[in-house]
*Asks:* 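So that we are looking at the same thing, I have put the structure below in structure tokens.
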Amino acid sequence: MIKKTIVLFALVFGSITSLVLIAHGLRPINGLGGITSTDKIAVWAVTVVLLIYYLSLEERPQLAPSMLAIEKENNRAQDKPAVTFEDVAGLEEIKEELQETIDFLLNPEKYRRMGAKIPKGILFHGPPGTGKTLLAKAVAGETNAGFLYASGSEFVEKYVGVGAKRVRTLFERAKKEAPCIVFIDEIDAIGTKRNMDSNNEKDQTLNQLLVELDGFNTPDTVIVIGATNRLDLLDEALLRPGRFDRHIYIGNPNLLAREKILTVHTKNKPMDKNTDIKAFARKTTGLSGAQLANIANEAAIIAVRNNKSYISAHELDAAIERVVAGLEMKNPNVLLKEKRTVAFHEAGHALASKLLGTEVVQKISIIPRGQALGYVLKYPEEDRYLMTRKELENRIITLLAGRAAEEVVFNEVTTGAKDDLTKATDIARAMVCNYGMSSLGTLALDEVYIRYNYDTIRLEIKSITDRAYREAIRLIEDNMHILNIIADRLLEKESIDSQELDMIFKEKSKSEDYAI
Ligand code: ATP
């Protein structure tokens with residue numbers, strides 16, 4: 001910038017001098033008599049050189065990033081994955097569903113002779129970490145086909161046309177590598193619904209993807225697998241027959257699948273023979289395959305740290321805590337007053353959970369982990385697919401029981417309930433808007449209705465959470481003697497496990513009754 005300003009200044013000076021010299025040639029100016037023709041030519045030449053140099057400094061239009069970069073990107077994952085269906089635990093029905101695709105990749109002629117058009121676009125959808133990428137790789141591994149990986153976000157560019165070009169390059173490469181699987185992760189990054197104020201670049205990229213999917217009636221054996229966590233966001237055009245018309249939902253694993261995933265990921269690790277993997281599958285309800293793989297790995301790391309020669313239940317428990325609750329804070333500087341608040345808050349959750357039977361309490365702790373000063377580790381007794389209104393209400397009561405304990409014991413509330421309030425409100429909101437469980441009636445409300453009628457909806461949500469909070473206060477007040485024991489024990493030992501909690505309840509049930 002400075003260089004450009006100096007050159008411009010010199011150019012302006014040179015231009016004025018040149019004009020003065022031209023004027024002097026037409027009508028001699030006093031004081032310039034000594035100027036020779038050579039001087040004039042020199043000034044003009046310098047001015048012209050300065051002009052050319054200045055123009056060369058003018059900002060060139062920015063070019064789109066090199067296409068070579070993306071070609072290299074695509075080279076990255078073209079290798080044939082060593083993963084097979086054996087490495088994918090659980091998901092049996094999905095593997096079965098994919099058998100036809102595998103057969104097509106292995107015996108394309110069989111289908112062509114029959115004039116059959118095989119669905120070439122498969123869409124995996126579901127929560128993160130459930131094995132979508134792993135499964136796509138396994139399809140390639142089972143058929144010895146190439147595997148081209150691309151993430152939707154790699155196609156998102158501000159330069160018009162770059163994303164589309166990248167899509168073209170990817171598919172050209174796929175045709176060269178056939179038979180092969182093109183896997184587009186996070187396809188929602190380019191495939192969201194188009195609307196009036198759509199972004200031109202994104203539309204072009206999506207259009208190019210549609211064109212490539214349509215243009216697959218070639219002899220090339222290429223299967224495109226897309227993956228997304230948000231099927232609802234995808235453009236209809238992408239989902240219509242002939243494109244991504246096979247939708248396969250991959251959810252979090254059930255009990256049996258969790259056991260299989262934990263078995264796969266502990267297979268090559270030295271395990272204590274007495275470790276009951278099924279018990280750990282039970283403790284990990286709601287976790288994804290990726291989290292389970294992480295637990296197995298964390299357990300191995302903890303075993304090394306503890307100088308153990310094998311992984312036992314103790315390491316697995318510690319790994320679950322690490323993955324679910326976060327990293328333990330070393331030497332936390334928590335005031336005693338705050339520790340007391342946390343102890344009663346967590347005791348409140350555990351008490352309500354136990355009394356209402358919402359979930360099995362595995363551990364209560366006031367050792368800070370992640371962003372939490374304390375936590376209750378709990379899991380449902382069994383996998384649940386349906387929840388009753390009562391069960392949802394009990395969950396809200398359990399979530400609000402931490403704050404209720406603070407209010408009853410200290411007559412004051414703290415910021416510690418932030419996360420609980422968010423979760424309780426989310427459940428109440430779903431009860432009102434999705435499950436038809438409020439006085440608004442048995443209907444599901446769409447986003448537009450919710451936006452324009454939020455005041456009415458908020459009152460319904462508030463009525464559910466207020467009722468739950470009153471119930472939480474009642475539970476705490478009626479069972480103060482147990483709450484005090486749990487909180488005192490926490491302040492003394494920092495954590496209580498399920499057996500100890502059971503003992504507290506058993507003793508109390510012998511001496512004084514506890515009230516539900
Ligand atoms: P995202 O939606 O975030 O991209 P994803 O569904 O593609 O996630 P993967 O990347 O396939 O998830 O899974 C991550 C890791 O979790 C895998 O590499 C594997 O170690 C483990 N995993 C997930 N599901 C399974 C499973 N069913 N069997 C064995 N391992 C699994």
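Reckoned from all heavy atoms, side chains included, excluding hydrogens, waters and symmetry mates. One-based numbering, in listed order, for ligands and for the atoms of each.
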*Asks:* So, for Ile181 and Ala136, which heavy atoms are closest and what is the spacing to 0.1 Å?
*Replies:*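 That closest heavy-atom pairing would be CG2-O, 4.4 Å.
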*Asks:* Is there a side chain to side chain donor-acceptor pair (under 3.5 Å) between Tyr375 and Glu321? Walk through the geometry before answering.
*Replies:* CA-CA 10 Å; Tyr375 54 92; Glu321 215 168 339; 2.3 Å; yes
*Asks:* So which protein residues pack against ligand 1 under 4.0 Å, heavy atoms counted?
*Replies:*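 Lining ligand 1 at under 4.0 Å, by heavy atoms, one finds Asp87, Val88, Ala89, Leu91, Pro128, Gly129, Thr130, Gly131, Lys132, Thr133, Leu134, Asp185, Asn229, Ile261, His265, Gly289, Ala290, Ala293.
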*Asks:* Looking only at heavy atoms, what is the nearest atom pair of Thr275 and Ala313, with distance?
*Replies:*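 Taking Thr275 first and Ala313 second, the nearest heavy atoms are OG1-N, 4.2 Å.
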*Asks:* Considering only heavy atoms from C-beta outward, does the side chain of Leu209 approach that of Phe171 to under 4.5 Å?
*Replies:*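 Contact flag for Leu209/Phe171 side chains = yes.
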*Asks:* Any chance you could lay out the side chain to side chain donor-acceptor pair (under 3.5 Å) test for Tyr379 and Arg282, step after step, and finish with the verdict?
*Replies:* CA-CA 8 Å; Tyr379 57 93; Arg282 225 173 274 124; over 6 Å; no
*Asks:* Which pairs pass salt bridge (charged side-chain N to carboxylate O under 4.0 Å, His left out) with one or both residues in residues 253-264, sequence neighbours excluded?
*Replies:*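 For residues 253-264, and leaving out neighbouring residues, the salt bridge (charged side-chain N to carboxylate O under 4.0 Å, His left out) pairs sorted by first residue read Glu92-Lys260, Arg258-Asp383, Glu259-Lys278.
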